[in-house]
Structures are given as structure tokens and as C-alpha cells.
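To start, the structure under review is shown below, and the notes come after it.
These figures come from a predicted structure and were not determined experimentally. Nothing fancy with the numbering, it's 1 onward along the sequence.
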Amino acid sequence: MTIFLCGFMGCGKTTAGKIVAKKLGCGYADTDELIVRREKMTIPEIFAQKGEPYFRQAEAEVVKSLCGKNMVVSCGGGAMLNSETAAAAADGGIIVYLQTSFETCYNRIRNDKNRPIVQASTREQLRERYKSRHEIYKKNSSVTVSCNGTPAANAKAVIAAVKGYK
């Protein structure tokens, strides 16, 4: 089964995802890393040269290609905003929303030069984006897990939620 982790930038998808995959003994992938490898460009370069719509299309293709595989997938913060991508992920696995406070996310991403949306936004704009995405993440996810603990505790909560969902 494919476990898709979604949530706002900085919620811990990559960190928790690697731990979950190791504990479950399955593969791991990060959609952003796969896109960077495929495009041979950084995410800021993709946004600057090809635009966000192009990036979102590449993201949708990567998510769809991972459906049905025995792995944990950390999705980019915008992946599940596309209803077709979310539907494909739901059909091909389970979507877990890692719900983390805005303050925690912001403190993790605020100085990250590899996040073009963060670099182009004020704190309040990011807070509004966070609020607007919350309901979409909830709607498109199979389960929601509160992830304000340590990475190990968050991973444990994800595993429990996935096992409970089956």
C-alpha cells in the first residue's frame, strides 16, 4: 500500500516519512526530490523558468506514478490541492494529513531558500495560505494525524493511524 503524507510546508512530511518507511520496512520517496531529479533543476529554478502551473503538473504526474506501490511518499505542500491528484492518491493508497501548527511550520520554513512560495510571501500571506489549505487537506485525506511532537512520536502516530484505517 502507498502511504501519501500531505500537509503544509514544514509540517514534517519528509522527516516523519523516512522514519515511517524504515519502521514499516518499505520504500520511501519525496515528490519534490523526484521532480528535481527528473527536471534537472532546483524547485526555485523550475518556478522561475517554467512557472508554478508546470511544477504542479509535474507533481501530479509523480504522485500518480507512485500509486499502488509499497512505500511512503512525502508529497509537496500543494500536491493534494489538485482534486485529480488527490483522487488518484486516494484510489492508489491512503492519504495522511500531518496537521501541524502554523507556528511550527513557519519556524521550520521561514529561512528556507529552496521554497519559492516562502521567499515570495510575508508571514501573514503564509498564514492565510496555511488556513486556506487546512480544509482542503482534511477533505482530501483518509486520516488526519496531529504532528506537533518529536519526529519519532509523529511517525508512531502516522503508523497507528494507518493501521487503524485498514
Side-chain angles (χ1 to χ4, degrees), residues 2-22 26-67 69 71-82 84-86 88-89 93 95-134 136-137 140-141 144-155 157-158:
T2 312
I3 300 169
F4 292 97
L5 304 180
C6 77
F8 198 68
M9 299 172 281
C11 73
K13 298 177 297 282
T14 300
T15 304
K18 289 177 180 177
I19 297 169
V20 171
K22 185 174 183 178
C26 63
Y28 172 79
D30 181 297
T31 60
D32 287 349
E33 289 176 9
L34 294 175
I35 294 166
V36 165
R37 267 192 250 139
R38 182 178 101 172
E39 297 295 322
K40 296 180 177 68
M41 293 182 189
T42 66
I43 293 171
E45 289 170 340
I46 296 167
F47 268 65
Q49 294 177 29
K50 298 185 175 188
E52 185 175 357
Y54 178 89
F55 178 82
R56 296 298 173 205
Q57 181 59 42
E59 187 174 56
E61 291 167 9
V62 167
V63 168
K64 290 174 185 174
S65 75
L66 298 171
C67 289
K69 299 189 188 243
M71 64 188 328
V72 176
V73 178
S74 296
C75 297
M80 295 304 151
L81 302 180
N82 177 321
E84 288 180 25
T85 304
I95 304 171
V96 180
Y97 169 28
L98 305 188
Q99 186 176 3
T100 307
S101 72
F102 173 75
E103 291 305 318
T104 297
C105 292
Y106 182 75
N107 287 332
R108 291 174 180 166
I109 65 174
R110 67 181 177 196
N111 295 317
D112 190 339
K113 303 287 185 229
N114 201 38
R115 297 180 188 271
I117 291 173
V118 172
Q119 296 307 306
S121 304
T122 66
R123 179 187 184 108
E124 283 313 307
Q125 288 170 325
L126 289 170
R127 184 185 306 277
E128 287 306 310
R129 185 179 295 260
Y130 173 91
K131 287 179 187 175
S132 70
R133 288 183 174 187
H134 172 72
I136 298 168
Y137 292 144
N140 288 330
S141 298
T144 298
V145 176
S146 177
C147 286
N148 288 307
T150 65
N154 294 342
V158 168

- Message: If you count heavy atoms of other groups shown closer than 6.0 angstrom to NZ of K50, is the number above 12?
- Response: yes

- Message: Treating T31 as the side-chain partner and V62 as the backbone partner, does any N or O pair qualify as donor plus acceptor under 3.5 Å?
- Response: no

- Query: Any side-chain heavy atom of R115 within less than 4.5 Å of one from I43?
  - Reply: no

- Can you find a heavy atom in the side chain of V96 that is under 4.5 Å from one in the side chain of I3? yes

- Message: Checking T15 against N154 for the side chain to side chain contact (heavy atoms under 4.5 Å, CB included) test, could you report, in this order, the C-alpha distance in whole Å, the side-chain angles of both residues, the deciding distance, and whether it holds?
- Response: CA-CA 9 Å; T15 304; N154 294 342; over 6 Å; no

- With ring centroids as reference points, do H134 and F8 lie under 6.0 angstrom apart? no

- Determine, stepwise, if the pair T14 / Y28 fulfils side chain to side chain contact (heavy atoms under 4.5 Å, CB included). CA-CA 9 Å; T14 300; Y28 172 79; 3.5 Å; yes

- Heavy-atom side-chain proximity of L126 to I117 below 4.5 angstrom: yes

- Note on the structure: d(N114 CG, E45 CD) to nearest 0.5 Å is 9.5 Å

- Query: Between V63 and V73, is a side chain to side chain contact (heavy atoms under 4.5 Å, CB included) present by the stated rule, with each step listed?
  - Reply: CA-CA 8 Å; V63 168; V73 178; 5.6 Å; no

- Query: Between S74 (side chain) and K13 (backbone), is there a donor-acceptor pair under 3.5 Å?
  - Reply: yes

- Task: Please step through salt bridge (charged side-chain N to carboxylate O under 4.0 Å, His left out) for the pair R127 and E103, ending with a clear verdict.
- Result: CA-CA 9 Å; R127 184 185 306 277; E103 291 305 318; 3.1 Å; yes

- Item | Minimum heavy-atom distance between A89 and I95, given as atom pair plus value | CB-CD1, 3.7 Å

- Task: Mind telling me whether Y130 and F102 have parallel, tilted or perpendicular rings, with 30° and 60° as the class edges?
- Result: perpendicular

- Item | N/O donor-acceptor pair under 3.5 Å between Q119 side chain and D112 backbone | yes

- Picking from E59, E33, E61, what satisfies salt bridge (Lys or Arg N to Asp or Glu O under 4.0 Å) with R38? E61

- Task: Enter the distance from I35:CD1 to T42:OG1 here, rounded to the nearest 0.5 Å.
- Result: 12.5 Å

- Separation of S121 OG from R110 CZ (nearest 0.5 Å): 15.5 Å

- Got more than 12 heavy atoms from elsewhere within 6.0 Å of NZ, K69? no

- Task: Calculate, to the nearest 0.5 Å, the distance between atoms SG and CD1 belonging to C6 and I136 respectively.
- Result: 10.5 Å

- Taking the side chain as every heavy atom from C-beta outward, state whether F4 and S141 have any atom pair closer than 4.5 Å. no

- Message: To the nearest 0.5 Å, what is the distance between CG on L98 and OH on Y137?
- Response: 10.0 Å

- Heavy-atom pair of closest approach, residues P116 and P44: CG-CA, 3.9 Å

- Message: Please give me the minimum heavy-atom distance between C26 and V72, naming the atom from each residue.
- Response: SG-CG2, 3.8 Å

- Note on the structure: Shortest non-hydrogen pair, A29 vs M71, comes out as CB-CE, 3.7 Å

- Item | Minimal non-hydrogen separation, I19 against A155, with atom names | CG2-CB, 3.4 Å

- Query: Just how far is it from atom CZ of R129 to atom CZ of R133, taken to the nearest 0.5 Å?
  - Reply: 5.0 Å

- Would you find a donor on one side and an acceptor on the other, under 3.5 Å apart, between the side chain of N140 and the backbone of M80? yes

- Closest contact, heavy atoms only, Y54 versus I46: CD2-CG2, 4.0 Å

- Item | N/O donor-acceptor pair under 3.5 Å between T100 side chain and C147 backbone | yes

- Query: Under 3.5 Å, is there a donor-acceptor pair between the side chain of Y106 and the main chain of G10?
  - Reply: no

